Each structure stands twice: as C-alpha cells, then as structure tokens.
Engineer: 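Here it is: the structure, laid out below.
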Amino acid sequence: MVKNKEILISPSILSADFTRLGEEVRAVEAAGADWLHIDVMDGHFVPNITIGPMVVAAVKKITRIPLDVHLMISNADQFLEDFREAGADILTVHPEATNHLHRTLSRIRELGMKAGAALNPSTGLEAVRYVLEELDVIMLMTVNPGFPGQSFINSVLPKVRALRDLIDEVGYEILIEVDGGVNPNTAPELADRGADVFVAGSAVFGHPPYDRIIRTLRVPRSST
Ligand code: DX5
Ligand code: ZN
C-alpha cells in the first residue's frame, strides 16, 4: 500500500445517525473522508453488538471510498468470505480472535482484501512482529474496543512510536491506524509519533460540519 503524504481519515459509522445512515455516509465522503470505518461487534469478543455483512453490503452500494472493516468478533475466520462478498476493502482482525493469525491474514489477502491486525491497549507489538510480511495495516487501539466516545488511553502513545520504528526498520509499507478517542486534542501527538490513519467516530459525527472536523483532524505529519 502506498504511503500517503497526508494523514488519512476513516470516520467510524458507529457514531453516525443510523436512521439516516445513507445520508451520513454520503456526507462524510463528500467532506473528504479517505476510508469508511465499520465496527463489527459480536457481544462476545467485546461487550457490545453492532452490525454485520448485510449493513456493509448496503453501505458499499452508496460509496466509492474503501470500506475499512474492523472485526471485533471471536470467530473471525468463519466470516472472512462473507465480508469480502459484502464489499470490505480492508479487513482487520484482533490476534486474540483467531487461532492462527498468519493463516488468517494470508487468507484475507488471498480473498483480495488488504489485511489488518488490531492490537488492544494491553496487547504488545510482539503479537505482530513475526507476521509483518502479511500485513497492510496495523491498528493500535487507544480505547478498549466496544464503544464509541470513550476516553483516549494515554499510556498507549509510546506504542505508536515503537511501531513506527519497527516498521521503518523492516521497510515494509504498513500503515499505522489509530482507533479510539481520536479528536483534535489527541491527533497531533499521534501524528508526531508516526500514525498514518485516524479512525474517528464521535469526533466526526458529533461535530458537524464534517468537512471542517475532517480538515482539523488531518493534522500535519511528523517529518521524523
Ligand atoms: C471502538 C471502535 C471504534 C470507535 C471509535 O471499539 O473500534 O472504531 O467507533 O469511536 P471514537 O472515535 O468515538 O472513540
Ligand atoms: Zn474500530
């Protein structure tokens, strides 16, 4: 995946008005969103239930930006094909939710999607160190997954820099995505530490107009 000069913004529809989901998706696309983040939760891996492949398929029909699908489900392997068919472009799984992460990531790519791994705040970089070749995206969670609008966990910040260093050292084109509590206050310190993509739910959908908030979140990248 080609590294972009600018930070990419991936609004999470979890904070959208579900009674007007189509309009909301079109509005963030028109406002400059780069990806659209879709949070899939099963009430088992995380303490909340959201949406599945049918909603992904519906959203696919009305937008051209890549669908960034974040699986917070226990039996991720069982559903990879379903999400591909629904139109996912980037499919991200949690290492704890699959028995053989390497196999899962290669399968995601084999199906024609970009492969991502999401690390919970307490999960170390060791979880992905030996599967970097299979990854297009590493998502660092800065909240415990499950709900929008939670407070940013500051103690994860050093992990962003450590991951940047690891990726630069191996020289792969892996994007660092940060998910949870990203807002105009936390965005600059994440960019400084080397993040590439910001997921933002409440910060975007709670603060229209969307073009302004997306512009604000797209802070300058660090030059280091
Ligand atoms: C958390 C989800 C996030 C969430 C982000 O479990 O993975 O994508 O929607 O919401 P905010 O940006 O409000 O923290
Ligand atoms: Zn997410």
Side-chain angles (χ1 to χ4, degrees), residues 7-18 21 24-25 28 31 33-53 55-56 59 65-74 76 79 83 86 88-97 108 113-123 135-157 159-160 175-191 195-208 210 213-214 216-219:
I7 296 270
L8 303 179
I9 307 295
S10 187
S12 165
I13 61 166
L14 204 50
S15 295
D17 177 350
F18 279 4
L21 186 57
E24 293 271 72
V25 169
V28 287
D34 300 283
W35 297 355
L36 192 73
H37 190 80
I38 305 185
D39 287 305
V40 178
M41 306 186 187
D42 66 352
H44 185 263
F45 185 70
V46 290
N48 194 8
I49 300 176
T50 55
I51 56 184
V55 174
V56 176
V59 167
I65 55 176
L67 300 187
D68 171 29
V69 178
H70 179 189
L71 296 186
M72 286 159 278
I73 61 177
S74 294
F79 295 99
F83 282 101
D89 296 283
I90 304 144
L91 197 60
T92 296
V93 298
H94 283 251
E96 295 88 350
I108 291 173
M113 296 175 282
K114 301 287 184 195
L119 304 183
N120 285 331
S122 65
T123 301
L135 283 163
D136 299 293
V137 175
I138 298 174
M139 183 189 293
L140 297 182
M141 298 298 306
T142 35
V143 299
N144 290 302
F147 303 93
Q150 302 182 85
S151 319
F152 185 84
I153 300 176
N154 270 298
S155 58
V156 183
L157 277 173
K159 191 155 64 162
V160 182
L175 293 174
I176 301 179
E177 183 169 16
V178 179
D179 186 7
V182 178
N183 61 39
N185 296 323
T186 54
E189 45 195 352
L190 291 165
D196 300 298
V197 186
F198 290 157
V199 174
S202 48
V204 169
F205 289 100
H207 297 88
Y210 300 149
I213 180 65
I214 287 174
T216 307
L217 289 172
R218 211 191 296 280
V219 293

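In this text the structure is predicted, and so the values were computed from the model without any measurement. Note that these values count all heavy atoms, side chains included, but never hydrogens, waters or copies made by symmetry. Order of listing sets the numbers, starting from 1, for every ligand and every atom in it.
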Engineer: With the Zn ion (ligand 2) at the apex, how many degrees lie between OD2 of Asp179 and OD1 of Asp39, rounded to 10 degrees?
Structural biologist: 170°
Engineer: Verify, without hydrogens or angle tests, whether Ser12 (side chain) and Gly201 (backbone) share a donor-acceptor contact under 3.5 angstrom.
Structural biologist: no
Engineer: Output yes when the distance from some N or O of ligand 1 to some N or O of Ala200 is under 3.5 Å, and no in every other case.
Structural biologist: no
Engineer: Would Arg218 and Asp34 pass as an ion pair if we require N to O under 4.0 Å?
Structural biologist: yes
Engineer: Can you find an N or O of Gly146 that's nearer than 3.5 Å to an N or O of ligand 1?
Structural biologist: yes
Engineer: Considering distance alone, does some N or O of His37 sit under 3.5 Å from an N or O of ligand 1?
Structural biologist: yes
Engineer: For atom 4 (C) of ligand 1, tell me which residue out of Asp39, Ile13, Val46, Val178 has the closest non-hydrogen atom.
Structural biologist: Asp39
Engineer: Looking only at protein heavy atoms, which one is nearest to atom 3 (C) of ligand 1, and what is the separation?
Structural biologist: Asp179 OD1, 3.0 Å
Engineer: In the protein, what heavy atom is nearest to atom 12 (O) of ligand 1, and what distance, to one decimal place, separates them?
Structural biologist: Gly201 N, 2.8 Å
Engineer: What angle, in degrees and rounded to 10°, do you get at the Zn ion (ligand 2) when you join it to NE2 of His37 and to ND1 of His70?
Structural biologist: 100°
Engineer: Please check: side-chain N/O of Asn120 versus main-chain N/O of Thr123, any donor-acceptor pairing under 3.5 Å?
Structural biologist: no
Engineer: Which residue holds the protein heavy atom closest to atom 13 (O) of ligand 1, what is that atom called, and what is the gap in Å?
Structural biologist: Ser202 OG, 2.5 Å
Engineer: Provide, to 0.1 Å, the distance between atom 1 (C) of ligand 1 and the closest protein heavy atom, together with that atom's residue and name.
Structural biologist: Phe147 O, 3.7 Å
Engineer: Just which atoms of ligand 1 are under 4.0 Å from any heavy atom in Leu14?
Structural biologist: 9 (O)
Engineer: Main chain of Gly181, side chain of Thr186: is a donor-acceptor contact present, judged purely on distance under 3.5 Å?
Structural biologist: yes
Engineer: Look at the side chain of Thr142 and the backbone N and O of Phe152, then say whether any donor-acceptor pair between them is shorter than 3.5 Å.
Structural biologist: no
Engineer: Quick one: nearest non-hydrogen protein atom to atom 10 (O) of ligand 1, plus distance?
Structural biologist: Pro148 CA, 3.6 Å
Engineer: Quick one about Ser74 and His44 (side-chain donor to acceptor, distance below 3.5 Å, no hydrogens or angles considered), yes or no?
Structural biologist: yes
Engineer: Is the closest N or O pair between Met41 and ligand 1 shorter than 3.5 Å?
Structural biologist: no
Engineer: Just checking, any donor-acceptor pair under 3.5 angstrom between side chains of Thr50 and Asp39?
Structural biologist: no
Engineer: With distance as the sole test, does Asp89 use its side chain to make a donor-acceptor pair with the main-chain N or O of Leu67 at under 3.5 Å?
Structural biologist: yes
Engineer: Give a yes or no on whether the backbone of Asn144 and the side-chain of Gln150 come within a donor-acceptor separation of less than 3.5 Å.
Structural biologist: yes
Engineer: Got the closest protein heavy atom to atom 14 (O) of ligand 1, with its distance?
Structural biologist: Gly181 N, 2.8 Å
